[in-house]
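First up is the structure itself, then whatever we jot down about it.
As the structure lists them, so they are numbered: ligands from 1, and atoms in each ligand from 1.
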Amino acid sequence: MKTSFKLVATAAAGLEAVVGREIRALGIDCQVENGKVLFQGDLETIIKTNLWLRAADRVKIIVGQFPARTFEELFQGVLALDWENYLPLGAKFPISKAKCVRSKLHNEPSVQAITKKAVVKKLQKHYHRPEGVPLQEIGAEFKIEVSILKDQATLMIDTSGDSLFKRGYRTEKGGAPIKENMAAAILQLSNWFPDKPLIDPTCGSGTFCIEAAMMAMNIAPGFNRQFAFEKWDWVDKKLVQEVRDQAENEAKYDLVLDISGFDIDVRMIEIAKRNAEEVGLADAITFKQMRLQDLRTEKINGVIISNPPYGERLLKSEEVDDLYADMGRVFAPLKTWSKFILTSDEAFEQKYGTPADKKRKLYNGTLKVDLYQYFGQRVKRSEMKQ
Ligand code: SAH
């Protein structure tokens with residue numbers, strides 16, 4: 001079996017650089033490209049990146065790359081790769097994804113079928129199984145992905161299983177949750193540090209607050225879930241346990257934080273509390289039912305992060321207009337606070353009443369959104385006259 005791997009972490013458009021920073025913070029060199037970050041490593045790298053990356057979607061092994069302009073080239077290229085070093089006899093290996101972009105081969109179902117045929121042939125030969133008799137697929141699953149971009153095929157095996165945004169703490173999510181990895185990325189793009197107060201005044205199921213607390217306490221985002229690679233027979237379970245134990249030891253559960261989530265909807269507050277409890281953060285975050293319009297604070301130098309309703313999703317457009325105007329009015333006195341608001345509403349700044357210091361384009365799923373950023377004035381407590 002393999003000991004060294006070419007790896008790729010996939011990321012939503014706009015978040016690649018954040019994922020790149022996270023990978024470097026683990027001590028791994030990497031190369032940031034469109035929608036993905038490339039790196040190399042051993043089994044421990046696979047375990048660590050799955051367990052620790054907060055902003056990525058998935059970690060995949062790159063089995064090989066080759067030109068594929070015809071089905072024959074695709075078949076021969078797939079056949080030539082060393083599948084036997086990954087897939088034991090009995091493995092399940094669905095070709096779970098086929099994507100063709102700007103390439104001569106564009107019929108994705110055919111690309112998928114040919115890829116499958118070639119891997120089957122390779123394994124039949126390697127494991128001395130008769131051709132013509134289908135391989136039994138009864139063991140652990142290795143999801144194979146094939147992507148053909150400008151006639152260049154890339155064959156990958158997914159190591160994550162469920163996408164990494166699924167941390168395993170969401171009991172329920174409410175109407176329009178933000179993905180956990182997106183929330184974690186936005187927190188990293190903000191200027192929040194664990195010593196500053198953080199408020200999410202439209203917290204819904206509590207994603208921003210929970211992700212912030214997990215980051216601050218150095219809790220591995222994946223500690224509460226399993227990954228596809230953990231079922232593979234060649235993965236050393238002791239090593240996985242060691243990396244998990246080390247993560248557990250590094251968590252600072254007793255760090256005191258000032259993180260609050262508010263929502264007008266008491267049912268969302270209940271869900272947020274249950275989700276926080278699931279991570280062991282019930283006491284670390286304050287969740288309370290409150291209208292944004294009632295938000296007041298004497299604290300300084302804090303950060304507000306809000307993913308308010310957009311017209312498309314939860315509220316009628318006049319209600320959204322009023323809410324954004326109220327936000328502008330309620331946030332205005334909080335001069336030392338930075339505010340980060342994520343919405344798809346392109347007229348947000350007019351409705352809020354102040355142009356943003358900075359705007360950043362992101363995608364919430366397929367929906368184009370902007371992160372409107374307003375930076376607080378830094379003031380020392382002694383200079384404050386509030
Ligand atoms: N980021 C959240 C989702 C936010 S959806 C998550 O990950 O789950 C927007 C939330 O704003 C909803 O939960 C809605 O109840 C809340 N909301 C709408 N109007 C509000 C108001 N006036 N004050 C406070 N919260 C409000």
Side-chain angles (χ1 to χ4, degrees), residues 12 15 54-55 163-190 192 198-215 221 259-279 281 285-297 303-332 334 337 339-345 348 351-353 362-365 367 369-373:
L15 302 183
R54 296 180 196 277
S163 169
L164 295 180
F165 80 81
K166 295 196 179 159
R167 317 285 205 218
Y169 64 69
R170 259 207 222 283
T171 52
E172 287 165 72
K173 52 186 186 213
I178 186 157
K179 281 190 183 165
E180 292 82 336
N181 53 358
M182 172 88 152
I186 289 173
L187 282 157
Q188 292 178 67
L189 293 170
S190 82
W192 180 70
L198 179 76
I199 294 180
D200 179 352
T202 57
C203 73
S205 58
T207 319
F208 278 116
C209 296
I210 295 172
E211 289 296 322
M214 287 176 81
M215 269 167 57
I259 300 179
S260 316
F262 306 117
D263 200 287
I264 196 168
D265 184 347
V266 71
R267 285 167 310 174
M268 292 314 302
I269 293 299
E270 279 158 16
I271 293 174
K273 282 185 178 167
R274 274 204 294 279
N275 289 346
E277 222 166 90
E278 194 62 34
V279 199
L281 294 174
I285 306 168
T286 309
F287 285 116
K288 213 177 82 185
Q289 182 195 15
M290 191 176 75
R291 292 164 70 238
L292 180 139
Q293 289 78 355
D294 297 329
L295 177 70
R296 308 276 180 279
T297 178
V303 174
I304 291 176
I305 297 198
S306 167
N307 167 214
Y310 323 149
E312 288 93 347
R313 305 195 305 173
L314 297 175
L315 292 183
K316 292 207 204 79
S317 73
E318 313 84 70
E319 290 175 305
V320 168
D321 294 359
D322 289 346
L323 179 65
Y324 292 177
D326 288 344
M327 273 185 156
R329 191 174 45 72
V330 170
F331 295 172
L334 310 178
W337 286 64
K339 297 108 188 165
F340 298 86
I341 299 128
L342 187 77
T343 172
S344 66
D345 193 326
F348 174 77
K351 296 175 185 173
Y352 180 80
L362 295 170
Y363 286 87
N364 190 2
L367 188 64
V369 288
D370 279 293
L371 181 65
Y372 294 91
Q373 313 178 30

Check your understanding: Polar-atom distance check: Gly206 versus ligand 1, any N or O pair below 3.5 Å?
Key -> no

Check your understanding: Do any nitrogen or oxygen atoms of Ser205 lie less than 3.5 angstrom from nitrogen or oxygen atoms of ligand 1?
Key -> yes

Practice item. Could you tell me the separation between the CH2 atom of Trp192 and the CE atom of Met215, rounded to the nearest 0.5 Å? Key: 6.5 Å

Check your understanding: Considering only heavy atoms, does Pro201 approach ligand 1 within less than 4.0 Å through its side chain, its backbone, both, or neither?
Key -> backbone

Check your understanding: With under 30° as parallel and over 60° as perpendicular, where do the rings of Phe348 and Tyr372 fit, or are they tilted in between?
Key -> tilted

Exercise for review: For Asn275 and Ser205, indicate whether the former's side chain and the latter's backbone hold a donor-acceptor pair under 3.5 Å.
Suggested key: yes

Review point. Between Asp200 and ligand 1, which part of the residue brings a heavy atom under 4.0 Å of the ligand: side chain, backbone, both or neither?
Key: neither

Point to revise | Numbered atoms of ligand 1 (with element) below 4.0 Å of Arg291, judged on heavy atoms | key: 23 (N)

**Study point:** ligand 1 contact by Cys203, heavy-atom criterion under 4.0 angstrom
**Key:** yes

Point to revise | Test: Arg54 and Glu180 ion pair at under 4.0 Å | key: no

Review point. Out of curiosity, Ile259 CD1 to Phe287 CZ, how far, rounded to the nearest 0.5 Å?
Key: 8.5 Å

Exercise for review: Please check if atom CZ in Arg329 has more than 12 non-hydrogen atoms from other residues, nucleotides or ligands closer than 6.0 Å.
Suggested key: yes

Check your understanding: Does Lys179 count as lying over the ring of Phe165, i.e. NZ or CZ under 6.0 Å from the six-ring centre, within 45 degrees of the axis?
Key -> yes

Point to revise | Proximal candidate to atom 12 (C) of ligand 1 [heavy atom criterion; set Thr202, Asp263, Asp265] | key: Asp263

Check your understanding: What distance do Asp345 atom CG and Ser317 atom OG have between them, rounded to the nearest 0.5 Å?
Key -> 9.0 Å

Practice item. Report, in ascending order of atom number, the atoms of ligand 1 lying under 4.0 Å from any heavy atom of Ile178. Key: 1 (N), 6 (C), 7 (O)

Exercise for review: Give yes if a backbone or side-chain nitrogen or oxygen of Asn307 is under 3.5 Å from a nitrogen or oxygen of ligand 1, and no if not.
Suggested key: yes

Check your understanding: Which atoms of ligand 1 have any heavy atom of Met268 under 4.0 Å away?
Key -> 13 (O)

Check your understanding: Quick check: does Phe208 get an N/O under 3.5 Å from an N/O on ligand 1?
Key -> no

Study note, to complete from the structure: One finds that the ligand 1 atoms under 4.0 Å from a non-hydrogen atom of Thr207 are 6 (C), 7 (O), 8 (O)

Exercise for review: Please say whether Gln293 places an N or O atom under 3.5 Å from an N or O atom belonging to ligand 1.
Suggested key: yes

**Study point:** Check: Gly204 main-chain N/O paired with Asp263 side-chain donor or acceptor under 3.5 Å
**Key:** yes

Exercise for review: Could you verify whether a donor N or O on one side chain and an acceptor N or O on the other, from Thr207 and Arg170, lie under 3.5 Å apart?
Suggested key: yes

Practice item. Run down the list Pro309, Gly204, Ser306 and name the one with the heavy atom closest to atom 18 (C) of ligand 1. Key: Pro309

**Study point:** Those atoms of ligand 1 less than 4.0 Å from some heavy atom in Met290
**Key:** 24 (C)

